[in-house]
Novice: 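Would you mind keeping the following structure in view while I ask a few things?
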Amino acid sequence: MSQTPFSASRRKLLLASAAAGGAYLLPGLRNAVWAAGSDAPEKTSLRVGFIPLTDCAPVVMAAVKGFDKKYGLTLQPSKEASWAAVRDKLTSGELDAAHALYGMIYGLQLGVAGPQHNMANLMTLNNNGQAITLSSQLQAQVVTDGASLKRAVAAQPKGAFTFAHTFPTSTHAMWLYYWLANAGIHPFDDVRTVVVPPPQMVMNMKIGNMSGFCVGEPWNQRAISDHIGFTAATSQQIWPDHPEKILATRAEWVAANPNSARALTAAVLEAARWIDASDDNRRETAAVLAQRAWINTKVDTLEGRMLGQYQNGLGKSWQDAHPMRFFRDGAVSFPWLSDGMWFLTQMKRWGMLSAEPDYLAVARQINRIDIYKQAASAIGNVALPQSELRSSTLIDGNVWDGSNPAAYAAGFALKR
């Protein structure tokens, strides 16, 4: 499990924030200052991209519930067809910011996910809530988990099985590779992997284009509802409370619009806190997201897993201890440096990086903790951690804490 050393005293936190920032004000005073124009957003109408996935919720609800107006903004959520489209529109400036894959932003920074661009992560949008779905055809062959999949893969020529993820350096690619490798399956040598946009996953599995996929919700639940697949593993089984999507933009955009960046972060952060405040808020969020403008699916397909109510399509049901979370007293939202560094270790492990990066320096450059702290102070009562690194234990028993990333990356038996 992830260990998040958050400060115990809210009073000490707020006093420390005020002392450290000098200009940090109570939420009402801060909003009054913005309204007076001395700290007003440089750009007030922001186009923010999203992919139709449950974890776009904080961006959507920031606009729907009016949190954007509170901070002097008008958000225009822009529904995109693929992560490649998000990447291209974000880097070209067509989008001001986006609901984005953690690994995509780090890949862009290092020039391995497209042309190099200096990027910025303003906050984490969610933890958990992705899954690996295997096809009903595999179920018919008594393949239900990693061990039985390894036997099936070993019985066929290399590359006979195809698995899909959402982007070459995506979170989903990393969860898929990690899970396969933990089962003793080399994700590059033993099977074939392809990129498929999230909304197209279910249809591609239905027509037999892949044996399995890793994607965000609601598409794993949709595969169960459509009787074409089952959940073999959730991403939180791979890494409890793992980082997932982030609120991303270009570093150049933050430099030109620091007040807008802070206001955007505050609006989305407050929406995330509102979603996590109650199950009723989660149900309302599911009802909104199900609409045609957002995800365009049945509310039931979204609501259960948003509430942590899981069933795997094989007869097992459970209340998940690590469901999708959007705030969790700030532990979700804080842009931990160790979270970003982990994705770099996996890019190195799988040969996407030829040289060892300066893990901590890259994470400090991308993860804008300064902007996040300003936004958290503007909202008020958002806990801040005592450290910028956190410790987690993954499915294979390996502990990740960011202390020695080069050794961590080199220490896996299966790598490329």
Side-chain angles (χ1 to χ4, degrees), residues 50-61 79-80 82-83 86 99-102 124-134 164-167 170-176 179 196-206 212-246 272 275-276 279 281-291 294-314 316-328 332:
F50 74 94
I51 293 290
L53 293 161
T54 306
D55 51 32
C56 73
V59 168
V60 171
M61 299 311 286
K79 189 174 184 177
E80 305 298 339
S82 68
W83 290 118
V86 171
H99 158 244
L101 295 160
Y102 219 129
T124 302
L125 293 176
N126 70 293
N127 286 171
N128 309 321
Q130 321 300 294
I132 293 170
T133 291
L134 299 182
H165 55 72
T166 62
F167 189 82
S170 68
T171 52
H172 305 111
M174 302 312 165
W175 310 142
L176 178 64
W179 183 76
V196 175
Q200 298 177 26
M201 286 289 191
V202 172
M203 180 55 67
N204 272 275
M205 178 171 277
K206 187 174 183 178
F213 59 68
C214 184
V215 73
E217 297 302 338
W219 306 115
N220 300 286
Q221 180 59 47
R222 178 68 178 271
I224 294 172
S225 299
D226 289 1
H227 305 290
I228 64 167
F230 63 94
T231 296
T234 65
S235 55
Q236 53 265 32
Q237 289 172 323
I238 299 168
W239 177 355
D241 298 329
H242 66 79
E244 185 50 43
K245 305 302 188 303
I246 59 176
I275 295 168
D276 260 12
D279 282 349
N281 290 0
R282 289 173 168 274
R283 291 186 183 95
E284 181 179 338
T285 301
V288 169
L289 293 179
Q291 296 170 18
W294 311 114
I295 297 179
N296 191 24
T297 191
K298 295 178 180 178
V299 175
D300 291 348
T301 305
L302 284 163
E303 187 176 277
R305 291 193 174 191
M306 276 202 78
L307 295 170
Q309 299 165 359
Y310 276 73
Q311 52 97 9
N312 66 355
L314 299 174
K316 179 183 177 182
S317 300
W318 71 98
Q319 183 69 38
D320 205 290
H322 301 275
M324 188 180 294
R325 286 288 178 258
F326 301 96
F327 181 69
R328 202 161 53 90
V332 170

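Keep in mind the model is a prediction, meaning the values are calculated, not measured.
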Novice: Taking the side chain as C-beta and beyond, is there a heavy-atom pair between L307 and R283 under 4.5 Å?
Specialist: yes

Novice: Answer yes or no: is there a donor N or O on one side and an acceptor on the other, between the side chain of N127 and the main chain of R325, under 3.5 Å?
Specialist: no

Novice: Using a 4.5 Å cut-off on heavy atoms from C-beta on, say whether the side chain of Y102 contacts that of L125.
Specialist: no

Novice: Once rounded to the nearest 0.5 Å, what's the spacing between atom CG of L134 and atom CG of N220?
Specialist: 10.5 Å

Novice: In Å and rounded to the nearest 0.5 Å, what is the CH2 to CD distance from W318 to Q311?
Specialist: 8.0 Å

Novice: Kindly determine whether N312 and F230 satisfy side chain to side chain contact (heavy atoms under 4.5 Å, CB included), including the steps that lead there.
Specialist: CA-CA 6 Å; N312 66 355; F230 63 94; 5.7 Å; no

Novice: Atom OG1 of T285 and atom CG of D279: how far apart are they, to the nearest 0.5 Å?
Specialist: 11.0 Å

Novice: Do T166 and F213 have side chains that get closer than 4.5 Å, going by heavy atoms?
Specialist: no

Novice: Check E217 against A131 and note the closest heavy-atom contact, atom names and distance.
Specialist: OE2-CB, 4.1 Å

Novice: In terms of ring plane angle, is the pair W175 and W239 parallel, tilted or perpendicular, where the classes change at 30° and 60°?
Specialist: perpendicular

Novice: For atom NZ of K206, decide whether the heavy atoms of other residues, nucleotides or ligands shown that lie under 6.0 angstrom number more than 12.
Specialist: no

Novice: Checking H165 against V215 for the side chain to side chain contact (heavy atoms under 4.5 Å, CB included) test, could you report, in this order, the C-alpha distance in whole Å, the side-chain angles of both residues, the deciding distance, and whether it holds?
Specialist: CA-CA 6 Å; H165 55 72; V215 73; over 6 Å; no

Novice: If you take all heavy atoms of L176 and C214, which pair is closest and at what distance?
Specialist: CB-CB, 4.0 Å

Novice: How close do Y310 and G129 get, counting heavy atoms only, and between which atoms?
Specialist: OH-CA, 4.0 Å

Novice: Locate the shortest heavy-atom distance separating P218 from L302; write the atom from each residue and the value.
Specialist: CB-CD2, 3.8 Å

Novice: Measuring from atom CG of L289 to atom CD of E284, what distance do you get when rounded to the nearest 0.5 angstrom?
Specialist: 10.5 Å

Novice: Look only at the side chain of K79 and the backbone of W294, and say whether a donor-acceptor pair between them is shorter than 3.5 Å.
Specialist: yes

Novice: Working to the nearest 0.5 angstrom, can you tell me the gap between Q236 CD and M324 CE?
Specialist: 8.0 Å

Novice: Do M61 and N281 have side chains that get closer than 4.5 Å, going by heavy atoms?
Specialist: no

Novice: Would you check, one step at a time, whether the test side chain to side chain contact (heavy atoms under 4.5 Å, CB included) holds for T133 with M201?
Specialist: CA-CA 10 Å; T133 291; M201 286 289 191; over 6 Å; no

Novice: Just by distance, do the side chain of N128 and the backbone of H322 share a donor-acceptor pair under 3.5 Å?
Specialist: yes

Novice: Using a 4.5 Å cut-off on heavy atoms from C-beta on, say whether the side chain of S235 contacts that of W179.
Specialist: no

Novice: Pick one: which of T54, L53, D55, T234 meets side-chain contact (heavy atoms from CB on, under 4.5 Å) with Q130?
Specialist: D55

Novice: How long is the straight-line distance from NE2 of H99 back to CD1 of I246, given to the nearest 0.5 Å?
Specialist: 10.0 Å

Novice: For the residue pair A290 and V299, what are the closest heavy atoms and their distance?
Specialist: CB-CG2, 3.7 Å

Novice: For the backbone of S82 and the side chain of E80, can you confirm whether one donor and one acceptor N or O come within less than 3.5 Å of each other?
Specialist: no

Novice: Between M205 and W219, is any pair of side-chain heavy atoms under 4.5 Å apart?
Specialist: no

Novice: Looking only at non-hydrogen atoms, find the nearest pair between W83 and A100 and report the distance.
Specialist: CZ3-CA, 3.7 Å

Novice: Under a 4.5 Å cut-off applied to non-hydrogen side-chain atoms, are L101 and K245 in contact?
Specialist: yes

Novice: Going by the side chain to side chain donor-acceptor pair (under 3.5 Å) test, name the single residue among Q221, Q237, R305 that passes it with T231.
Specialist: R305

Novice: If you apply the rule side chain to side chain contact (heavy atoms under 4.5 Å, CB included), what do you find for E244 with H172, and how did you get there?
Specialist: CA-CA 9 Å; E244 185 50 43; H172 305 111; 3.6 Å; yes

Novice: Would you indicate whether the side-chain heavy atoms of I275 and R282 approach each other to under 4.5 Å?
Specialist: yes

